[in-house]
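This chain uses plain numbering: 1 for the first residue, then up along the sequence. Counting convention: from 1, in listed order, for ligands and their atoms alike.
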Amino acid sequence: MKRKGLLIAFEGIDGTGKTTQIEMLSEVLRRRGFSVVATREPTDGQYGRKIRELYKNRKSVTPEEELALFLDDRREHVAQVIAPALARGEVVLTDRYYFSTAAYQGAAGHDPLKIIAANELFAPVPDMVIMLEAPVSLGVHRVQKLRGETLNDFEQEETLAKVAGIFADLKGSCIRRIDGTGNAETVHGLVMKNVAELFEPEI
Ligand code: TYD
């Protein structure tokens with residue numbers, strides 16, 4: 001499928017503000033006349049729903065089965081949402097993508113670089129990855145105290161420290177590391193500064 005649109009992935013540990021930043025960027029881009037598809041992984045599709053069931057009991061599957069579920073979910077996401085939107089020339093903002101698989105399933109023992117290679121066989125490489133960075137303790141605090149949520153099986157602090165370490169080591173020219181510790185407006189300013197180059201001279 002011919003690709004005309006733009007794909008921007010938001011990555012980072014839980015509580016770094018990905019969802020808020022996607023909402024803010026979507027609004028700016030839509031106001032400026034772009035057609036925006038804001039989407040997320042895990043998806044709400046058949047595999048995404050299975051993944052959400054795992055939140056309560058991650059041990060019910062093997063690490064291999066877990067990795068396969070995330071890949072199946074992404075294959076469906078690419079085929080049904082991402083590739084068609086890119087072919088229509090739209091801007092796709094995804095809340096998590098295959099860098100999350102490298103980091104989270106990497107923390108569970110898989111080789112992060114092999115995970116990336118397996119994904120790049122079928123998943124379009126993003127034009128930019130906005131990697132939001134914040135200390136694990138702040139991410140956990142935001143999830144627990146501010147959202148009033150409990151940590152699911154993927155989000156235990158020790159695991160998240162490993163996940164953050166892998167995110168920090170990932171290399172690639174499309175990756176932009178952004179300080180996610182400030183308030184939403186401050187982080188939005190940093191996001192805008194980075195994505196502006198993709199839209200030049202339009203925004
Ligand atoms: P999250 O962004 O918290 O989604 P939601 O708020 O909709 O539940 O993601 C859910 C969890 O899934 C998160 O802890 C990270 C994990 N995850 C992986 O382990 N691998 C992946 O490939 C993806 C996309 C997410």
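Side-chain N or O atoms of N194 include one that pairs as donor or acceptor with a backbone N or O of L190 at under 3.5 Å. In this structure a side-chain-to-backbone donor-acceptor pair under 3.5 Å is present from S26 to I22. Using a distance-only test at 3.5 Å, with no hydrogens or angles considered, a donor-acceptor pair links the side chain of Q21 to the main chain of A184.
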Ligand 1 N/O to protein N/O, distances under 3.5 Å:
unit_1: ligand 1; atom_1: 2 (O); unit_2: R96; atom_2: NE; d: 2.7
unit_1: ligand 1; atom_1: 3 (O); unit_2: D14; atom_2: OD2; d: 3.3
unit_1: ligand 1; atom_1: 7 (O); unit_2: R40; atom_2: NH1; d: 2.8
unit_1: ligand 1; atom_1: 7 (O); unit_2: R52; atom_2: NH2; d: 3.1
unit_1: ligand 1; atom_1: 8 (O); unit_2: Y55; atom_2: OH; d: 3.1
unit_1: ligand 1; atom_1: 9 (O); unit_2: R96; atom_2: NE; d: 3.3
unit_1: ligand 1; atom_1: 14 (O); unit_2: D14; atom_2: OD2; d: 3.1
unit_1: ligand 1; atom_1: 14 (O); unit_2: E155; atom_2: OE2; d: 3.4
unit_1: ligand 1; atom_1: 19 (O); unit_2: Q105; atom_2: OE1; d: 3.4
unit_1: ligand 1; atom_1: 19 (O); unit_2: Q105; atom_2: NE2; d: 3.0
unit_1: ligand 1; atom_1: 20 (N); unit_2: Q105; atom_2: OE1; d: 2.8
unit_1: ligand 1; atom_1: 22 (O); unit_2: R74; atom_2: NH2; d: 3.3
unit_1: ligand 1; atom_1: 22 (O); unit_2: T101; atom_2: N; d: 3.3
unit_1: ligand 1; atom_1: 22 (O); unit_2: T101; atom_2: OG1; d: 2.6

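Applying the salt bridge (charged side-chain N to carboxylate O under 4.0 Å, His left out) criterion to R142, with sequence neighbours excluded, gives no partner residue.
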Identify every side-chain donor-acceptor pair in residues 155-164 under 3.5 Å, counting partners at least two apart or on other chains, and give the distances.
unit_1: E155; atom_1: OE1; unit_2: N152; atom_2: N; d: 3.1
unit_1: E155; atom_1: OE2; unit_2: N152; atom_2: ND2; d: 3.1
unit_1: Q156; atom_1: NE2; unit_2: L151; atom_2: O; d: 3.3
unit_1: Q156; atom_1: NE2; unit_2: N152; atom_2: O; d: 3.2

Show me the side-chain donor-acceptor pairs of residues 96-103 shorter than 3.5 Å, one per line, residues at least two apart or across chains.
unit_1: R96; atom_1: NH1; unit_2: G12; atom_2: O; d: 3.3
unit_1: R96; atom_1: NH1; unit_2: S100; atom_2: OG; d: 2.9
unit_1: R96; atom_1: NH2; unit_2: D14; atom_2: OD2; d: 3.2
unit_1: R96; atom_1: NH2; unit_2: Y104; atom_2: OH; d: 3.1
unit_1: Y97; atom_1: OH; unit_2: P124; atom_2: O; d: 2.8
unit_1: Y98; atom_1: OH; unit_2: E120; atom_2: OE2; d: 2.7
unit_1: S100; atom_1: OG; unit_2: E11; atom_2: OE1; d: 2.5
unit_1: T101; atom_1: OG1; unit_2: R74; atom_2: NH1; d: 2.9
unit_1: T101; atom_1: OG1; unit_2: R74; atom_2: NH2; d: 2.8

